There are 2 protein chains.
Amino acid sequence: MTKKLPNNELERIANTTMADVVEIRLREYLKTSAFKPGDALPKEIELANSLGVSRNVVREALSRLRMLGMVETKKKRGMVLARPDILGSFERVLDPAIIDEHTLRDLFELRLTLEVGLADLLYLRKTAKDIAELEQIAKSQKVTGDKQTFRIQHEIAFHGKLYQMTGNDTMSRFQSMLLPVFGYLVTLEKKPIIGKVSHLDLVKILKEGTKEEFRQGMLQHLEHHFKKIQ
Amino acid sequence: MTKKLPNNELERIANTTMADVVEIRLREYLKTSAFKPGDALPKEIELANSLGVSRNVVREALSRLRMLGMVETKKKRGMVLARPDILGSFERVLDPAIIDEHTLRDLFELRLTLEVGLADLLYLRKTAKDIAELEQIAKSQKVTGDKQTFRIQHEIAFHGKLYQMTGNDTMSRFQSMLLPVFGYLVTLEKKPIIGKVSHLDLVKILKEGTKEEFRQGMLQHLEHHFKKIQ
DNA sequence: ATAAGTAGTTATGTACTACATATCAAATGT
DNA sequence: ACATTTGATATGTAGTACATAACTACTTAT
């Protein structure tokens with residue numbers, strides 16, 4: 001007895017579960033209903049009845065939204081709409097070990113792009129205090145010297161400080177989240193490659209030079225990285 | 001009858017539920033166990049017993065990991081480790097309506113930074129075909145003319161094409177995900193602001209000029225945006 | 001009457017059971 | 001040797017029950 005082949009479409013997408021559907025429906029509901037953060041939402045039972053699924057399914061969907069920070073729940077208070085941390089969800093999946101080669105390269109290029117574009121924000125917001133701190137970091141390189149792990153730590157500290165100096169918290173966090181990815185890439189290199197422009201050179205430009213000079217300096221500092229991605 | 005006060009520790013600020021704990025434990029487990037994508041994982045019941053919680057709680061945690069794309073599940077096959085789509089999770093929470101002002105500004109600056117830094121990748125990968133297409137987009141502006149929505153559509157098309165020309169899929173997707181955010185910001189402006197350097201000017205530089213000229217051109221093209229963020 | 005304490009109410013958090021469904025694997029028949 | 005059937009199994013969904021925290025309203029003592 002041949003079945004009717006319910007969905008003949010190459011047995012496609014059908015892997016969507018009820019929880020997936022409810023998640024989407026809820027997200028739409030939140031967006032279209034013009035709720036503001038802090039507003040109370042219907043209770044689980046009501047959602048379940050309204051959607052025609054068990055409370056269990058609703059909870060699985062809500063569990064996802066909770067993780068993303070889109071809603072918060074308290075014992076009797078019910079649920080309220082919340083502001084998600086847009087980078088928090090990003091952070092969870094950023095594990096170099098499971099990201100494919102292609103995406104790793106993309107992320108690497110993304111950071112290079114940011115670094116080159118940083119000059120404008122830096123010159124807009126740099127302060128004498130920040131530059132002094134940056135210089136301290138740059139100088140500390142000479143002391144610690146040659147060991148691989150120290151070198152990486154130093155790279156992280158210097159470039160991280162640069163991002164922090166832009167006053168852009170989101171960008172700064174974003175960069176620090178990308179660090180494990182680059183740490184992973186750097187360890188693949190055999191020996192340290194010193195660019196023509198050192199960290200101290202960059203600090204000097206920041207103190208005395210122009211935006212354009214800094215950008216050119218950064219380009220040369222990252223030169224060997226750019227060569228690799230060609 | 002007074003109970004024994006199970007945990008006296010100032011009753012933990014944290015509202016952490018079992019599902020939260022299990023989610024974290026599972027993520028650690030996946031990272032430390034050196035699984036590769038495609039490897040099979042223990043079944044729900046085993047995890048539940050092993051962790052001392054109900055299957056329900058395990059499913060809520062797994063539901064989150066499933067959404068992030070870290071694991072995939074099939075009916076009898078069980079669970080397998082999967083490659084998460086690193087931008088997918090980002091996309092879900094990117095709703096301009098619920099992102100706070102401060103973060104919106106940060107994202108705006110992030111895009112400006114990328115745009116300025118784009119020159120190097122562009123000159124590394126641009127092709128005659130891409131430039132021709134870009135020129136078509138730039139020219140189409142003159143035709144459609146003045147209406148607000150058309151202008152925004154055109155902006156999106158032009159800058160989107162630029163990102164696509166970098167050959168960096170991740171960056172391109174990232175930019176397109178940020179579009180709703182900027183669409184939101186742009187609609188707040190009363191009237192269109194035309195920079196000194198038009199899209200057609202940028203195309204011309206791409207065809208005949210150098211990296212540095214393009215970067216300067218882009219800076220001037222975005223000039224009024226940079227003025228706003230000071 | 002005000003303050004403090006107490007009991008009830010309610011929505012989420014957790015556990016458990018039961019069954020549906022899809023899929024793999026072995027057994028069976030031709 | 002191949003196709004079909006049958007069973008076993010892990011996830012997906014439903015439903016019930018109770019624990020827990022937090023809000024409400026009531027009672028009681030000063």
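Quick caveat: nothing in here was measured; it's all calculated off a predicted structure. Order of the sequence lines sets the chain letters (A, B, ...), proteins ahead of strands, with each chain counted from 1.
- Screening residues 30-73 of chain B for ring-ring contact (aromatic ring centres under 6.0 Å, His included), with sequence neighbours left out, gives B:Y29-B:F35.
- Protein atom CD of B:E72 is 12 Å distant from nucleotide atom P of D:dG12, rounded to whole Å.
- Look at CG on B:N49: it is 14 Å from C1' on D:dA10, rounded to the nearest Å.
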- [ ] Between protein and nucleotides 4-13 of chain C, map the contacts as a letter string: B base, S sugar-phosphate only, - none, heavy atoms under 4.0 Å, written 5' to 3'.
- [x] -----BBBBB
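- Across residues 30-40 of chain B, not one residue has a non-hydrogen atom less than 4.0 Å from an atom of DNA chain C.
- The side-chain hydrogen bond (donor to acceptor under 3.5 Å, both in side chains) search around A:D95 returns none, not counting sequence neighbours.
- Between A:S54 and the phosphate of D:dA14, there is a side-chain N or O to OP1/OP2 separation shorter than 4.0 Å.
- Evaluation of the side-chain hydrogen bond (donor to acceptor under 3.5 Å, both in side chains) rule for B:E133 yields B:K129, B:K161 as partners, not counting sequence neighbours.
- Applying the side-chain contact (heavy atoms from CB on, under 4.5 Å) rule to A:K43 yields the partners A:E46; only residues at least two apart in sequence or on another chain are considered.
- Judged as a salt bridge (Lys or Arg N to Asp or Glu O under 4.0 Å), and not counting sequence neighbours, the contacts of B:E44 are B:R55, B:R59.
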I'd like a table of donor-acceptor pairs (distance under 3.5 Å, sequence neighbours excluded) in which one partner is a side-chain atom from residues 117-124 of chain A, with atom names and distances.
{"from": "A:D120", "atom 1": "OD1", "to": "A:K211", "atom 2": "NZ", "distance (Å)": "2.9"}
{"from": "A:D120", "atom 1": "OD2", "to": "A:R215", "atom 2": "NH1", "distance (Å)": "3.1"}
{"from": "A:D120", "atom 1": "OD2", "to": "A:R215", "atom 2": "NH2", "distance (Å)": "3.4"}
{"from": "A:Y123", "atom 1": "OH", "to": "A:I205", "atom 2": "O", "distance (Å)": "3.1"}
{"from": "A:Y123", "atom 1": "OH", "to": "A:G209", "atom 2": "O", "distance (Å)": "3.2"}
{"from": "A:Y123", "atom 1": "OH", "to": "A:T210", "atom 2": "O", "distance (Å)": "3.2"}

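- Straight-line distance from the CG atom of A:N56 to the P atom of C:dC16: 14 Å, rounded to whole Å.
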Side-chain polar contacts of residues 169-180 of chain A - donor-acceptor pairs under 3.5 angstrom, sequence neighbours left out - could you list them?
{"from": "A:T170", "atom 1": "OG1", "to": "B:D106", "atom 2": "OD2", "distance (Å)": "2.9"}
{"from": "A:R173", "atom 1": "NH1", "to": "A:D85", "atom 2": "OD1", "distance (Å)": "3.0"}
{"from": "A:R173", "atom 1": "NH1", "to": "A:D85", "atom 2": "OD2", "distance (Å)": "3.3"}
{"from": "A:R173", "atom 1": "NH2", "to": "A:D85", "atom 2": "OD2", "distance (Å)": "3.2"}
{"from": "A:S176", "atom 1": "OG", "to": "A:R173", "atom 2": "O", "distance (Å)": "2.9"}

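- Under the 30°/60° scheme for interplanar angles, the aromatic rings of A:H199 and A:F158 are found to lie parallel.
- Over its length, the helix from C:dA1-D:dT30 to C:dT30-D:dA1 turns its helix axis by 10°, as judged from the five terminal pairs at each end, rounded to 10°.
- The side-chain hydrogen bond (donor to acceptor under 3.5 Å, both in side chains) check on B:R125 picks up A:E109, with sequence neighbours excluded.
- Legend: residues meeting side-chain hydrogen bond (donor to acceptor under 3.5 Å, both in side chains) with A:T32, ordered by chain and number and at least two apart, are absent.
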